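Report on the structure given below.
The shown structure was predicted, so the numbers you read here are calculated from the model rather than taken from an experiment.
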Amino acid sequence: MADLLQDLSAVQRDAASATEGPVMVLAGAGSGKTRVITYRIANLIGNQGVPAGNILALTFTNKAAGEMRHRVDQLLGPGSSGGLWIGTFHSVFARLLREYIDRLGYSRSFSIFDSDDSKSLIRQCMAELNISQDSVPVNTVQGIISKAKNSFILPADFHRNAADYNQQKASQIYELYARKLKENNALDFDDLLIKPLELFGNHPEVLEELQELFRYILIDEYQDTNRAQYLVTKMLASRHRNIFVVGDDAQSIYSWRGADISNILNFQDDYEDARTFKLVENYRSTGTILQAANSVISRNQRQIKKELVAKGATGEPLTLIEAFNERQEAEKVGDWIRKLSLEKQLDFRSFAIFYRTNAQSRVLEDTMRQHRLPYKIFGSVSFYKRKEIKDAVAYLRFVQNDRDSESLLRIINFPPRKIGDVSIGKLRDFARERGISLYEAIRCAPQGGYQQRLVNALSSFSSVIESLREIAETGTVYEVLNSLFVQTGLLSLLQAENTPESMARHDNLQELLSMARDFSDHNPDAGMLGDFLENIALASDYDETQESDNFVSLMTVHASKGLEFPVVFITGLEERLFPLNCYEPEQMEEERRLFYVAVTRAREKIFLSWAQSRYLYGQPQHCLRSKFINEIDGDIVHTESGRVHGGGAGAAVSVRRTEPVRHSGGGAPPVREKEGMRKGTRVHHAVFGPGTVLELQGRGTQQKAKILFRGSGEKTLMVQYANLKVLP
DNA sequence: AAGCCCTCGTTTTTT
DNA sequence: ACGAGGGCTT
């Protein structure tokens with residue numbers, strides 16, 4: 001046990017053994033981050049005798065949590081990780097809330113609403129408030145509310161600070177939405193983070209209890225924490241102050257979801273006695289790949305400077321693929337994969353194809369199929385988001401929590417019971433008049449004065465629910481689900497339909513059933529329905545790895561974070577696609593971090609590809625090559641035929657460099673400034689609307705404009721990308 | 001109550 | 001191009 005830390009490099013060992021006090025580890029890509037975390041946990045338990053139950057380790061994905069638990073078990077022996085509090089933020093706090101949430105006026109059987117459920121509830125709120133979806137799209141409202149929650153702004157605070165008309169509307173919706181969630185005895189994803197904060201604020205005794213429990217706190221991917229996560233961990237750590245955060249500011253790619261990069265950038269200010277360790281030795285990629293990565297990321301302003309140091313060989317140069325259109329791009333990618341798999345005896349699992357937007361996956365997928373290359377697309381429609389699965393799960397959710405009206409509305413007429421919108425409307429009115437829940441209204445239907453046909457339909461529905469509830473009290477999840485399928489005839493209905501689609505649905509439901517059986521086998525106690533549902537609610541498509549299968553992986557760059565592949569294709573490297581439309585300098589830096597993430601996934605070899613023309617929303621668009629290609633030193637980028645890309649006359653005509661890599665050398669940067677724009681000019685922006693230029697900085701492609709917009713306040717935009725119209 | 005067509009809006013999405 | 005949602009028809 002004492003030599004546990006001998007497997008680590010000196011810096012890794014120092015970081016892993018710094019157990020007391022606040023510690024930040026800046027872990028560059030491929031520098032052994034997970035190793036440091038797991039060895040630190042093993043060290044705490046194995047060498048220092050800390051009970052596993054006093055350690056809290058928070059991650060962003062179930063997969064990461066599972067891997068860490070597994071590796072701790074490998075280090076200390078099977079079962080050692082048993083008492084550890086290790087999991088995603090959401091699952092750990094869901095578990096804690098089950099314990100304490102009655103103090104906030106919810107019951108422990110609360111439902112967890114996914115984003116579809118929450119969207120539909122928001123729609124309902126907007127309808128009730130007579131706010132048309134034409135004036136504000138639901139997605140926008142959902143985004144505003146989620147952002148507010150992530151920043152721990154409660155409805156009352158939001159209302160107080162609502163400046164303009166849209167904000168006023170959003171504040172009304174937010175308020176009603178929060179109330180309705182509570183009526184449903186439901187929490188959305190964001191609530192799982194902010195309800196603990198409310199709990200700690202109103203019930204300090206709970207906070208104290210948990211502060212005492214969690215003597216050691218570890219947080220993975222700290223650069224991706226949002227304000228709520230920052231606050232909740234800070235509160236928990238404030239007693240013992242053993243907070244250990246690991247992250248890489250250069251890989252922060254979720255700011256659009258509320259992740260706040262300043263949490264990691266300011267850690268030193270929060271904890272002045274914090275020790276910092278930088279892990280920059282990279283064990284994953286070739287020297288050439290790291291040279292590319294370093295060169296790209298060095299162009300960002302807002303970052304903690306660090307350069308990855310190669311521990312491996314120099315490796316091959318990057319290869320630039322240039323195509324006429326996206327079809328040809330995909331074909332060239334397919335050709336390369338075929339060629340390399342034959343010549344170098346590489347498995348298909350060695351290859352990954354990355355893209356910026358999901359829309360790009362279609363053509364790639366078609367081509368893979370035509371070339372008969374085995375492939376898997378990650379992050380398509382998640383298993384749990386499929387209609388038939390959501391329907392079946394809605395039954396379970398409703399059996400668990402009969403205030404969950406989202407689930408009720410899903411299943412009341414599924415399978416069809418001839419209960420339509422009109423009948424549901426009547427029931428709603430009935431429920432509202434008497435101040436009872438919708439389900440109570442259904443159970444009182446015989447006294448409601450409805451048509452006999454409706455009364456019969458409703459009572460047959462409620463008898464299914466009641467019988468399932470009875471089974472759930474003493475039986476297993478499997479038994480409940482099985483009885484559901486028998487009573488509703490779901491499986492046989494789908495089988496009878498006998499179309500490819502219906503059979504696929506049938507198989508999916510079978511799969512759910514075997515998952516339930518699996519769960520019941522591992523959790524023999526009755527009354528585990530809540531846990532099963534929680535697993536489902538917080539599971540995602542990215543959790544399963546299936547490393548045994550041999551296929552090419554296709555995924556968005558976001559989905560690739562944390563993974564690695566010998567050969568990586570980064571496709572669609574075009575201006576306005578990757579980088580995607582950027583209006584503010586901050587956004588450009590995030591796009592660059594995203595590109596950095598893509599580059600650092602590769603172990604041996606990178607292909608960069610772009611197409612001169614691409615369909616967007618059904619229209620062909622002319623494309624310009626991404627600036628990111630030029631941000632890599634020209635001498636390590638070769639053309640497909642092997643020539644040095646960016647060399648002078650020798651290079652193929654079509655691959656001539658169009659912009660100098662460094663702004664100091666070469667010709668003048670192409671002018672992208674807007675004609676006739678100066679201080680005071682009135683401009684129009686597609687998103688922010690009309691505004692006035694307050695200030696201009698920089699020149700050419702680097703020019704930035706500070707603009708005061710009527711609706712959205714002050715913004716600093718890059719003129720090149722902002723697509724501003726100068727108003728007369 | 002169910003089926004059909006039109007319109008709208010389409011970045012990324014660990015949970 | 002394409003799917004989801006909403007309103008209209010049967």
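At whole-Å resolution of the value, CZ in A/Phe414 and P in B/dA2 are 12 Å apart. One atom, CZ of A/Arg614, and another, P of C/dA1, lie 16 Å apart when rounded to the nearest Å. To the nearest angstrom, P of C/dG5 lies 12 Å from NZ of A/Lys387. Whole-Å rounding puts the A/Ile145 CD1 to B/dT13 P distance at 22 Å. The distance between atom CG of A/Leu594 and atom C1' of B/dT12, rounded to the nearest whole Å, is 7 Å. To the nearest angstrom, P of B/dT13 lies 13 Å from CG of A/Asp224. Between the P atom of B/dT12 and the CD atom of A/Glu589 lies a distance of 22 Å, rounded to the nearest Å. Separating the CG atom of A/Asp421 from the P atom of B/dA2 is a distance of 9 Å, rounded to the nearest angstrom.
For the OP1/OP2 pair of B/dT12 and a distance below 4.0 Å, the side-chain nitrogens and oxygens of A/Asn358 include at least one atom meeting the criterion. For A/Thr556, a side-chain nitrogen or oxygen approaches OP1 or OP2 of B/dT13 to under 4.0 Å. Between A/Tyr617 and B/dT11, a side-chain N or O to OP1/OP2 separation shorter than 4.0 Å is present. At B/dT11, none of the side-chain N or O atoms of A/Arg576 fall inside 4.0 Å of OP1 or OP2 (strictly under the cut-off).
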### Message
Please determine whether side chain to side chain donor-acceptor pair (under 3.5 Å) holds for the pair A/Tyr384 and A/Asp114, giving the CA-CA distance in whole Å, both sets of side-chain angles, and the decisive distance to 0.1 Å.
### Response
CA-CA 10 Å; A/Tyr384 300 105; A/Asp114 70 16; over 6 Å; no

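Side chains of A/Tyr177 and A/Ser118 form a contact here, defined as non-hydrogen atoms less than 4.5 Å apart.
Side-chain atoms of A/Arg257 lie closest to B/dT14 of the nucleotides B/dA2, C/dG5, B/dT14. Nearest to the side chain of A/Asn413, among B/dA2, B/dT13, B/dT11, sits B/dA2. Distance from the side chain of A/Thr357 is smallest to B/dT12 among B/dT10, B/dT12, C/dG6. Of all nucleotides listed (B/dA2, B/dT11, B/dT13), B/dT13 comes nearest to the side chain of A/His558. Closest to the side chain of A/Arg356, from the set B/dT12, B/dT14, C/dC2, is B/dT12.
Cation-pi check for A/Lys426 over A/Phe430 is not met; the charged atom does not lie both under 6.0 angstrom from the ring centroid and within 45 degrees of its normal.
B/dT13 has no stacking from A/Tyr254 on its base ring, since the centres under 5.5 angstrom apart and planes within 30 degrees of parallel are not both found.
Among the heavy atoms of the strands, none lies under 4.0 Å from A/Ser115. Using a 4.0 Å heavy-atom cutoff across all strands shown, A/Pro137 reaches no nucleic acid atom at all. When heavy atoms are screened at a 4.0 angstrom cut-off, A/Leu192 is found touching no nucleic acid atom at all.
Not a single donor-acceptor pair under 3.5 Å links the side chain of A/Gln303 to the backbone N or O of A/Asp249.
A salt bridge links A/Lys387 with A/Asp391: the distance from a Lys NZ or Arg NE/NH1/NH2 to an Asp or Glu carboxylate oxygen falls below 4.0 Å.
Residues A/Trp256 and A/Lys418 both approach DNA chain B. Their nearest nucleotides, taken by heavy-atom distance, put A/Lys418 toward the 5′ side.
A donor-acceptor contact closer than 3.5 angstrom is absent between the side chains of A/Asn325 and A/Ser613.
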